[in-house]
Amino acid sequence: MMYYQAEAYDVAVIGGGHAGVEAALASARLGAKTAMFTVSLDWVGNMPCNPSIGGTAKGHLVRELDALGGEMGKAADANTLQSRMLNLGKGPAVHSLRAQIDRRNYSAYMKHAVERQTNLDVRQAEVVELCKEGDGWCLVTRLGARYPVKTVILATGTFLGGRVYVGEVHYESGPDGQAPATQLSASLKALGLPLRRFKTGTPARVAKDSIDFSVMETQEGDSEIVPFSFSTDPATLHNTVTCAMTYTNDETAKVIRNNLSRSPLYAGDIEGVGPRYCPSIEDKIVRFPDKKRHLLFIEPCGENTDEMYLQGMSSSLPEEVQLQFYRTIKGLEHVKLMRNAYAIEYDCVDPLALKQTLEFKDFAGLYGAGQFNGSSGYEEAAVQGFVAGVNAALQVKNREPLVLSRTNSYIGTLIDDLVTKGCSDPYRMMTSRSEYRLLLRQDNADERLMPTGRALGLIDDTVYEAFLLRKSQKEAEIDRLNHTHIAPNEELNRYLCEKGTAPLTTGATLAELLRRPQIDYRSLIVFDKDNPHLSRDVCNRVETEIKYEGYIQRQAAAVKEMQRLESRLIPANVDYETIDGLRLEAKEKLSCIRPESIGQASRISGVSPADVAVLLVWLERQKRGGAV
């Protein structure tokens with residue numbers, strides 16, 4: 001083949017999905033000359049699986065990304081069909097925003113965002129080779145173009161070595177019937193990247209007019225919508241669709257069990273490891289044999305399409321079997337398939353090969369992001385893309401890298417989990433993964449991360465001034481409630497008794513009343529003549545911080561201890577085999593992962609507290625000897 005020398009770039013992003021888009025936008029916005037390569041410009045920012053953004057813990061990620069200057073939150077708000085806040089029956093730490101999204105409009109929004117971005121060129125081209133070239137890299141496309149670049153971000157999603165499985169049929173393919181990236185894997189393996197195979201799946205899309213919604217439960221959106229982006233006016237958001245719920249039954253399970261031998265997952269055709277927390281319907285039937293039914297959500301894919309998504313019913317069974325078991329479900333007795341469910345297997349990397357910056361430890365200037373790093377989900381991909389894009393640009397600009405901590409963000413938790421603990425199946429973010437979830441609420445993502453986004457140069461004056469106003473209003477209101485006393489009176493005591501709490505016998509501050517579980521901030525307004533009538537967002541933050549003050553203080557103390565360990569840095573060239581007192585397993589794990597701090601070392605599976613103590617003693621000795 002004849003090759004030709006193409007344009008040079010500071011940052012090249014391989015992939016145009018959720019990770020690739022955020023990486024390219026972040027890099028370009030920081031002033032790096034950036035190129036984004038994708039196999040199809042028609043599917044930039046595509047949502048090949050569920051037509052939604054957010055969900056438990058995932059909503060936290062989107063709000064954190066927005067606070068840092070990312071795009072996903074704004075794109076989601078601009079294309080929301082229905083919005084709901086999940087887990088409102090639980091504490092504020094696990095409240096999570098989820099919205100149904102018009103998937104094609106979302107993709108069009110993201111395509112236009114990258115098209116109009118300064119410093120960013122968007123190219124439809126398949127990258128087939130990546131090679132080291134001097135201090136940088138060289139990308140080679142299928143058509144023979146050679147692009148010299150300083151840094152590279154691999155955001156290949158499920159395209160890399162993609163293979164689709166439907167029953168006994170399997171073939172090379174990307175998601176949604178797109179062309180896969182078939183040649184790049186060989187080049188990455190030749191470089192020495194530790195690739196492996198993972199698997200994910202997606203449910204069928206069915207025709208709306210073939211569904212009997214009258215026998216299903218209806219799921220409406222919230223009357224008061226909370227945006228993903230801190231810059232979106234809530235008054236501009238409206239619910240325009242409803243969703244529905246139905247359930248599998250014994251007959252559904254019977255059809256699936258009778259056809260398990262035809263499932264490529266159980267026949268041994270699929271070698272890739274699937275997501276533990278988002279199993280296929282056949283997995284659910286096998287793993288939970290005592291469960292009589294499984295919940296199924298019927299979700300619209302957009303306002304201008306009759307395709308409906310069957311959330312909770314991914315499968316790799318043959319097409320005719322899919323139709324058979326779908327039709328056993330109440331309301332789907334006459335359902336018609338528009339797109340069958342399928343499983344897709346793809347190449348990804350062992351994330352233990354990455355630093356906290358998402359740069360490869362052994363390959364300077366090479367970064368990984370999204371499903372390529374072993375995660376699952378649009379939101380997990382987007383935040384990794386942002387971090388990789390920022391750090392690639394900062395490296396080109398000779399600026400200090402961005403490293404987010406698990407003490408200040410779910411993004412930091414996600415990345416730390418991947419690069420410190422690794423993953424044996426596609427990683428999914430959950431609130432339970434964070435030790436500090438009462439501090440890392442989605443409502444205060446701006447307070448935790450917007451100053452960082454501002455320092456990077458990704459948050460403009462208008463957004464930052466609005467943030468500072470919210471913060472000052474919250475602090476002033478908490479102070480006012482702590483110093484405003486109210487005397488016992490008949491009307492107040494009647495209300496307190498109605499709420500099931502004791503009447504006042506002596507005066508109390510408004511904060512003391514608000515700490516009672518039965519009382520909320522809004523209900524106090526009628527007894528509070530000086531209430532400043534703040535926004536709902538600020539009111540909710542005030543209520544949370546007053547009610548949970550003691551718990552928040554305890555978690556803040558734990559964060560300080562963690563930060564102390566994180567500040568004890570470990571030299572990159574440590575030979576752990578020479579450190580006396582470390583157990584053999586600890587030496588092996590530390591040598592493999594090469595933690596950057598004592599804090600990170602303490603979270604490695606197989607490294608005990610005793611090993612951490614040995615490391616601390618060793619570091620202190622090295623420091624006294626002048627070696628550290």
Hey, is Lys199 close enough to Asp425 for a salt bridge, meaning N to O under 4.0 Å? no
Do Arg103 and Tyr106 form a cation-pi contact, if we require the NZ or CZ to be under 6.0 Å from the six-membered ring centre and within 45 degrees of the ring's axis? no
For Ser107 and Asp42 the tightest heavy-atom approach is OG-O, 4.1 Å
Return yes when atom NZ of Lys471 has more than 12 non-hydrogen atoms of other residues, nucleotides or ligands closer than 6.0 Å, and no otherwise. no
Does any part of the side chain of Glu477, heavy atoms only, come nearer than 4.5 Å to the side chain of Leu534, both counted from C-beta? yes
Provide the full list of salt bridge (Lys or Arg N to Asp or Glu O under 4.0 Å) pairs with a residue in residues 46-66, sequence neighbours left out, each pair given once. Lys58-Glu379, Lys58-Glu380, Glu64-Arg448, Asp66-Lys74
Looking at Phe467 versus Tyr464, is the centre-to-centre ring distance below 6.0 Å? yes
Nearest heavy-atom neighbours spanning Ser229 and Gly73: CB-C, 4.0 Å
Residues Glu435 and Arg406 bridged, charged N to O under 4.0 Å: yes
Looking only at side-chain N and O atoms, does Asn391 offer a donor or acceptor that is under 3.5 Å from a partner on Thr357? no
Return the CG to CG distance between Leu354 and Leu418, rounded to the nearest 0.5 Å. 8.0 Å
Between Cys49 and Arg205, the two heavy atoms sitting closest are O-NH2, 2.8 Å
Sub-3.5 Å donor-acceptor pair from the side chain of Thr420 to the main-chain atoms of Asp417, do we have one? no
Are side-chain N/O atoms of Gln82 and Glu220 paired as donor and acceptor at under 3.5 Å? no
Does the pair Leu569 and Glu596 meet the rule for a side chain to side chain contact (heavy atoms under 4.5 Å, CB included), with working shown? CA-CA 6 Å; Leu569 301 181; Glu596 298 171 42; 5.6 Å; no
Between Phe297 and Tyr309, does the ring-ring contact (aromatic ring centres under 6.0 Å, His included) criterion hold? Intermediate values first, please. CA-CA 8 Å; Phe297 294 90; Tyr309 179 81; over 10 Å; no
Before we go on, tell me: are the rings of Tyr346 and Phe372 under 6.0 Å apart, centre to centre? no
Residue pair Ile519 / Lys547: nearest heavy atoms and the distance that separates them: O-NZ, 2.6 Å
Would a distance-only check, ignoring hydrogens and angles, find a side-chain to backbone donor-acceptor pair under 3.5 Å from Ser434 to Thr431? no
Flag, side chain of Asn79 to backbone of Ala75, donor-acceptor distance under 3.5 Å: yes
Are Pro351 and Tyr427 packed together at the side-chain level, in the sense that at least one heavy-atom pair is separated by less than 4.5 angstrom? no
Do the non-hydrogen side-chain atoms of Val419 and Leu352 ever get within less than 4.5 Å of each other? no
Is the backbone N or O of Asp520 less than 3.5 Å from a side-chain atom of Ser523, with the two atoms forming a donor-acceptor pair by type? yes
Nearest 0.5 Å, please: how far is CD1 in Ile604 from CD1 in Ile593? 4.0 Å
For Ser52 and Arg98, which I'm curious about, is there any donor-acceptor pair between the side chains at under 3.5 Å? yes
For Arg480 and Glu475: C-alpha separation, side-chain torsions, deciding distance, then whether salt bridge (charged side-chain N to carboxylate O under 4.0 Å, His left out) applies. CA-CA 9 Å; Arg480 186 186 74 84; Glu475 292 169 348; over 6 Å; no
Straight-line distance of Leu30 CG to Asp10 CG, nearest 0.5 Å: 11.5 Å
So, Thr242 versus Gln219: side-chain donor-acceptor pair below 3.5 Å or not? no
Are the side chains of Lys90 and Leu88 in touch, meaning some heavy atoms are under 4.5 Å apart? no
Is any side-chain heavy atom of Thr151 closer than 4.5 Å to one of Leu366? no
State whether a side-chain donor-acceptor pair under 3.5 Å links Tyr9 with Asp121. yes
Going from CD1 on Ile53 to CD1 on Ile101, what distance comes out if it is rounded to the nearest 0.5 angstrom? 5.5 Å
Can you tell me if Thr38 uses its side chain to pair, donor with acceptor, with the backbone of Gly15 under 3.5 Å? no
Are the side chains of Pro426 and Thr200 in touch, meaning some heavy atoms are under 4.5 Å apart? no
Could you tell me how the ring of Trp137 sits relative to the ring of Phe363: parallel (under 30°), tilted (30 to 60°) or perpendicular (over 60°)? tilted
Under-4.0 Å salt bridge between Glu224 and Arg522: yes
Distance-only criterion, 3.5 Å: show the donor-acceptor pairs between side-chain atoms of residues 112-119 and protein atoms not counting sequence neighbours.
residue: Glu115; atom: OE2; partner: Lys111; partner atom: NZ; Å: 2.4
residue: Gln117; atom: OE1; partner: Arg29; partner atom: NE; Å: 3.1
residue: Asn119; atom: ND2; partner: Ala28; partner atom: O; Å: 3.1

Would you say the side-chain atoms of Gln178 pair up with the backbone N or O of Pro175, donor to acceptor, closer than 3.5 Å? yes
Under 3.5 Å, side chain of Gln124 to main-chain N/O of Leu41, donor-acceptor pair present? yes
Heavy-atom donor-acceptor pair, Asn444 side chain to Leu439 backbone, under 3.5 Å: yes
Assess, by modelled atom type and distance only, whether the side chains of Asn373 and Gln384 contain a donor and an acceptor separated by less than 3.5 Å. yes
Would the distance check show the side chain of Ser472 and the main-chain N or O of Leu469 forming a donor-acceptor pair, the cut-off being under 3.5 Å? yes
Could you tell me whether Asn304 atom CG has more than 12 heavy atoms of other residues or ligands within 6.0 Å of it? no
Measure the OG-CD distance between Ser405 and Gln563 for me, rounded to the nearest 0.5 Å. 6.5 Å
For Glu447, is there an ion pair with Arg470 - N to carboxylate O distance below 4.0 angstrom? no
Report yes or no: does Ser597 contribute a side-chain atom to a donor-acceptor pair with the main-chain N or O of Ser567 at less than 3.5 Å? no
Apply side chain to side chain contact (heavy atoms under 4.5 Å, CB included) to Leu184 and Thr156, showing your working. CA-CA 10 Å; Leu184 184 58; Thr156 51; 4.3 Å; yes
Have Tyr410 and Gln442 got a donor and an acceptor in their side chains that come within less than 3.5 Å? no
For a quick test of reading the model, state the closest non-hydrogen atom pair linking Ala393 to Val11 and the distance between them. N-CG2, 4.1 Å
Rounded to the nearest 0.5 Å, how far does NZ of Lys397 lie from NZ of Lys150? 8.0 Å
With heavy-atom distances below 4.5 Å as the criterion, would you say the side chains of Ile225 and Pro234 are in contact? no
Are any of the side-chain heavy atoms of Gln100 and Cys243 separated by less than 4.5 Å? yes
Strictly below 4.0 Å, N to O, side chains only: are Arg454 and Asp461 in salt-bridge contact? yes
What closest approach, in Å, do Val403 and Gln356 show between heavy atoms, and which atom pair accounts for it? CG1-CB, 3.9 Å
Salt-bridge test for Arg339 and Asp176: reply yes if a basic N is under 4.0 Å from a carboxylate O, no otherwise. yes
